[in-house]
Amino acid sequence: MKRGIIVLCLCIVAMAAYFTTDRWAIRHTTLTFHDVLRDDRDVTVEVAVRRDRQMQAMAEMIELPVAILSHGNTVKNTEYSFLTNLFASRGYLVVSIQHDLDTDAPMVTKVGEEYVGRRMQYNRGVFNIMYAIDELKKLYPNANYRQLTLIGHSNGGDISMFFAKQHPDLVKKVVTLDNLRVPFIADGRIKILSFRSRDPVFKADPGVVPDDETCARLGIKVVRTEFQHNDLSDRGPDSAKSSIQAGVEQFLDEDAGESTPTMPLLAASTPASASTAPPENK
């Protein structure tokens, strides 16, 4: 009899653990849209959302906050799981957009031109984001696309900052990982957090990062790290990812509206191809 009670208790504990894990699970979905206005250009996105929050949104109990992640040059949109999992765990609908296609011309640097000649890539990134939002509204209608949080690494950080300049009415926060070309918005209306690498090769252009006095006055948070430029993704060491996660958590906690309970973050694994992946272009 006693043994049967123990077995029953273990079964109840196991079932509770199962349903708790399922409740907090993050669902990852890959979607590819075709933009007919740009010759059926593929716009592929990975959507990450906490399962319980998605169910609440479907029941019209809540409106999901939205985070848009933009990758760095030569880095895939799926190589930032340490950030997508963090934002999804906090109840965000996280959209990681693949901006570059294999058929696109390689990005080049043209010294002396505006944004070293990369406005075309930034404009394309803005079109990708706006198109993805339009398509996602059909699939995830109960999400807040009016107050976006933008996240971006390097070229993706520049796309994020450029988008915020073009559409400030749609952006609430911007988090960049070592963007190098597009100057920060300096009007104090958008909350900005930026992680900077300590890299002898990848240096921000003059005027991109405001001076300390301006940052203090406008509430811009700049975190200077000891990591290399290409470490600020899943390819980097765990110490880099955990440090960035902690900084982002603190940044989000400063917002009084951030009250969604989080779940334990899953460790982001380094892709098997990381050791042979080409470094990002400066």
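Side-chain contact check for Arg51 versus Ile26: every heavy-atom pair is 4.5 Å or farther apart. Taking 4.5 Å as the limit, every side-chain heavy atom of Leu31 sits out of range of all side-chain heavy atoms of Thr44.
Here salt bridge (Lys or Arg N to Asp or Glu O under 4.0 Å) pairs that include residues 55-74, with residues two or more places apart or in two chains, are Glu63-Arg146.
Exactly one of Thr176, Asp158, Ile159 qualifies for a side-chain contact (heavy atoms from CB on, under 4.5 Å) with Ser70. That residue is Ile159.
Without hydrogens or angle criteria, Gln98 side chain to Asn77 main chain gives a donor-acceptor distance under 3.5 Å.
Among all heavy-atom pairs drawn from Pro141 and Lys138, the shortest one is CD-O, 4.2 Å.
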Test log, rule side-chain contact (heavy atoms from CB on, under 4.5 Å), inputs Thr84 and Leu69 = CA-CA 8 Å; Thr84 56; Leu69 191 147; 4.1 Å; yes
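The aromatic rings of His99 and His71 are tilted relative to each other, their planes meeting at an angle between 30° and 60°. Classified by interplanar angle (parallel below 30°, tilted 30° to 60°, perpendicular above 60°), the ring pair Tyr122/Phe162 is tilted.
With respect to the salt-bridge test (charged N to carboxylate O, under 4.0 angstrom), the residues Asp178 and Arg196 qualify.
The ring pair (Phe, Tyr, Trp, His ring centres under 6.0 Å) check on Phe195 picks up nothing, with sequence neighbours excluded.
Note: Arg41 CZ to Phe33 CZ = 14.5 Å, rounded to the nearest 0.5 Å.
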